[in-house]
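Notes to accompany the following structure.
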Amino acid sequence: MKKKLYIIPLFLTLFSFVVIYLSLQLETSPEMIVGDSMQARSFPIFLMVINLMLVGILSLQFYKTYPKEVELEKFPTWSSMLLFLIFYILVKVSGDMFVAIPIVMFLMGLTWGQKKVWISLVNAIATPLSVFLLFDYVLQVRFPRGWLTNIYYG
Amino acid sequence: MIEALSAMGSVFTDPYLLGLIFATTVLGVIIGVLPGLGATTGAALLLPFTLTMEPVQAIAVLSTIYVSATFAGSITAILINTPGTSAAAATTFDGYPLAQKGEAGRALGIAVVSSTVGGVFSVIVLCIAAPLLARVAYEFRPPEYFALTIFGLSMLASISAGGAVKNLIGGIFGVWLSTIGAERVTAIERFMFGNYDLYEGLSFVPVFIGLFAISELLVQSKMVNKIVETVALKAVKLPTKEDYKRIWKTILRSCGIGTFIGVLPAEGATVASMIGYSEAKRWSKNKEEFGKGSVEGIAGAEAANNAATGGAMVPTMVLGIPGSGTTAIILVGLMVHGLRPGAYLFTEQVEKVYQIFGSMLLANLMFMAMGLYAARLFARVSLVPISILWPIVFALSVIGAYALSQSLIDVWIALIFGVIGFFARRHGFAVAPIAVGLILGEMVETNLQHSLKMYDGQWWMIFAQPLAAFFLILAFLGLCGPYLYSLIIRHKD
């Protein structure tokens, strides 16, 4: 078996055992509440047992035929995930989604091949602004207060 | 009946709803022609925008996106050999070759007419079949619902993307996700790790936005350096008499196929279009033309994929079992707006139900007009650079995920499920089974619990209920039938 072949079944098997272990740690309810039904832990364990059986079949299938891998442009994909992380940090630091969204949108545009910086910049400012105004005026959704929203909300 | 017809008719006379459906059809066609976006992603992104709307308006928006985006996928399939939605993949087989011969307008005309006939046919079937099925569903008790959801989950095996086993694993993962939070009967906290934002369980909307929109964003990154070649289009032409003579039987056959496949839980427009196409080829007198620009091939695929949209709404509205990823989102839309899917919807909210059907009918007619007169314009939309489009999708995703509960945890959930969905898809797992599993998960567990209580813990009594046994046998045949059949054939040989 090639190296990559067993990674998916191994991961899924590990996941199933972790869920079973966590399920076994769950409290049990008194008989008078559960009655003839099942404990809270039973259903997840039942699911993971089925999952393990399916993973067994999947392993056999992988052994017979090598699955095709989806080809990727690595840089924009990984950089986008990194931008998600940057988005999380920016929201945590500023407390404001509308500081983080334009920055991430601008950087995403550039990493995805936009050569004209001003286009990325306009897109990064105009889109969140219009969506914010739509949600605020029409849908009356209040966003978390932060650096920019504090100025707007007063 | 008169009440139902008048409710449907009211859609055509309500200026606000007319305007809303028109605007949504334009948006749906734009979403459909943008490669990668599609009906499911579009519906996931638009769901938060419907929060303050009336229930009928909200579901009309979502279902209009569904039908118009499903059709619009054919525009780019024909003009740039890139299906806007997976349901239009079969349209590329003959649509693009016909366009290369300089007959792009004819190919689009056939696609528009076939899609409209398919869509209208399926809405008519929906209007007739849904109330009838609702009457049967009145008899359903927990064992029947449990068996039905098991049947629904078993049908995940045949969703087009991924493989049977991978789809089932995805479905199981989705069902497991539904167990996160406090268990309904005992209130025991499961897999929350002390995070009380998860007490009520995972919210569907952020999970769906993550699985469909954000994971698609990551998948689309492979298109960064792709160069698109377009075929010139002068005008869209209606099919000629000669064309109609050749395709009417194909359209009718595909209408039936598409609607039937749409009705099956967890099946959808993609499967329908593939079968519609292959059946068109099987019954055609001009098989040699297939793959080289056959009008029957285009009609077969397009009539089937749009016919599946109405069909898929039947189990969604009557049984609460989604027929596809997009109907899973529509189902969430129903729940968010206080419309409880199921048999009672057809007695307690009958007017609203028929208004929703009416809006689907209207959307089908509107996209026909747009397809005929504005396809050239819409095709240009597909050339929007992805470096502009996908940052916008990112912004809509995170704001949309926040909007429903106005909680930042939902934004993090959407991003996490975006990454999970991306890795799943990278390794050949489709994300629709996870979404369907998440929706059906609670139904499976709750109905199993109720069934066990009904029969004093004797689980085998579920099999003694005729209707429940019927669905479980269907599920078994759906899962094992192909293998048993191949074993029998091998044994005979």
Side-chain angles (χ1 to χ4, degrees), chain A residues 8 12 19 22-23 26-27 29 33-40 43-44 47-48 50-51 54-55 57-58 61 67-73 76-77 80-81 84 87-88 91 97 101 104-106 108-110 112-114 119-120 123-124 127-128 131-132 134-135 138-144, chain B residues 48-49 51-52 163 165-166 168-169 172-173 175-176 179 183 185-191 214 217-219 221-225 385-388 390-392 394-396 398-399 402-403 406 408 411-412 415 418-419 422 425-429 441 444-445 448-450 452-453 455-458:
Chain A
I8 299 167
L12 291 169
V19 171
L22 291 172
S23 304
L26 295 174
E27 293 169 46
S29 294
I33 295 176
V34 180
D36 292 312
S37 192
M38 53 189 182
Q39 290 286 350
F43 190 63
L47 286 175
M48 288 307 125
I50 297 174
N51 203 34
L54 288 168
V55 171
I57 300 170
L58 188 71
Q61 284 184 350
K68 272 186 186 174
E69 263 196 45
V70 180
E71 285 177 22
L72 292 171
E73 289 281 344
T77 310
S80 299
M81 280 190 224
F84 293 171
F87 174 76
Y88 175 79
V91 173
M97 279 169 70
I101 291 171
V104 170
M105 278 184 75
F106 175 69
M108 193 180 279
L110 295 183
W112 280 50
Q114 182 54 259
I119 291 181
S120 256
N123 192 26
T127 307
V131 177
F132 174 80
L134 176 74
F135 272 79
V138 183
L139 307 178
Q140 294 177 341
V141 171
R142 298 281 287 188
F143 289 96
Chain B
F49 289 88
L51 293 179
T52 51
V165 179
K166 284 182 176 176
L168 289 172
I169 290 173
I172 295 278
F173 178 63
V175 176
W176 174 74
T179 65
E183 202 260 346
V185 178
T186 58
I188 287 175
E189 294 157 15
R190 296 189 292 197
F191 317 114
I214 296 176
L217 181 152
L218 293 170
V219 170
S221 62
K222 71 181 174 189
M223 307 292 282
V224 164
N225 296 321
I386 61 168
S387 57
I388 294 175
W390 290 96
I392 294 175
F394 170 77
L396 292 176
V398 290
I399 297 171
Y402 174 84
Q406 300 188 23
L408 273 174
V411 178
W412 314 138
L415 290 176
V419 176
F422 164 73
R425 292 166 74 164
R426 194 181 177 189
H427 292 104
F429 290 82
V444 175
E445 188 177 13
L448 179 60
Q449 283 170 334
H450 291 167
L452 289 173
K453 282 201 169 172
Y455 302 119
D456 302 325
Q458 296 170 316

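Note that the structure is a prediction, hence the values are computed from the model and not measured. Residue numbers begin at 1 in each chain, while the letters A, B, ... track the order of the sequences.
Proximity to chain B (any heavy atom under 4.5 Å) is restricted, for A/V104, to the side chain, taken from C-beta onward. Heavy atoms of B/L217 lying under 4.5 Å from chain A belong to its backbone as well as its side chain. Using a 4.5 Å cut-off between heavy atoms, A/L58 touches chain B through backbone and side chain atoms alike. Proximity to chain A is limited to the side chain of B/V419, based on heavy atoms less than 4.5 angstrom apart. Using a 4.5 Å cut-off between heavy atoms, A/S29 contacts chain B through both its backbone and its side chain. Residue contact with chain B, scored on non-hydrogen atoms closer than 4.5 Å, involves the side chain of A/I50 exclusively. Contact of B/E189 with chain A is made through the backbone alone, with heavy-atom distances under 4.5 Å. Contact of A/M97 with chain B is made through the side chain alone, with heavy-atom distances under 4.5 Å. Heavy-atom distances place both the backbone and the side chain of A/F143 under 4.5 Å from chain B. Heavy atoms closer than 4.5 Å to chain B are found in the side chain of A/V131, but not in its backbone.
Between the CG atom of B/L51 and the CZ atom of A/F135 there is a distance of 7.0 Å, given to the nearest 0.5 Å. Atom CD of A/Q114 sits about 5.0 Å away from atom CD1 of B/I388, to the nearest 0.5 Å.
The residue among A/L110, A/N123, A/T127 with the most heavy atom pairs within less than 4.5 Å of chain B is A/N123. By number of non-hydrogen pairs under 4.5 angstrom with chain B, the leading residue of A/L12, A/I101, A/L47 is A/L47. Among the candidates B/T186, B/L415, B/I399, the residue making the largest number of heavy-atom pairs closer than 4.5 Å to chain A is B/I399. Contacts with chain A were tallied for B/A187, B/P48, B/P391; B/P391 has the most, counting heavy-atom pairs under 4.5 Å. Annotation: maximal heavy-atom pairing with chain B below 4.5 Å, among A/G109, A/S80, A/P128, A/S23, occurs at A/G109. Most heavy-atom pairs under 4.5 Å with chain A, from the set B/L408, B/L448, B/D456, B/V175: that is B/D456. Put simply, of A/I57, A/I119, A/V19, the one with the most heavy-atom pairs under 4.5 Å next to chain B is A/V19.
Summarising the geometry of B/R190 relative to A/A40, their closest heavy-atom pair is NH1-O, 2.7 Å, with the distance given to 0.1 Å. The shortest heavy-atom contact between B/S387 and A/W112 is CB-O, 3.7 Å.
Checked against a 6.0 Å centroid threshold, the rings of B/F429 and B/F173 do not count as neighbours. The ring of B/F191 has its center closer than 6.0 angstrom to the ring center of B/W176. Ring pair A/F87/B/F394: centre-to-centre distance below 6.0 Å.
Ring geometry for B/W412 against A/Y88 counts as perpendicular: the plane angle is over 60°, on a 0 to 90° scale with 30° as the lower cut.
Around the CD atom of B/Q406, the shell of radius 6.0 Å holds more than 12 heavy atoms that belong to other residues, nucleotides or ligands.
When side chains are defined from C-beta on, A/M105 counts as touching B/I392, because their heavy atoms get closer than 4.5 Å. Contact check for A/F43 versus A/M48: no side-chain heavy atoms found under the 4.5 Å cut-off.
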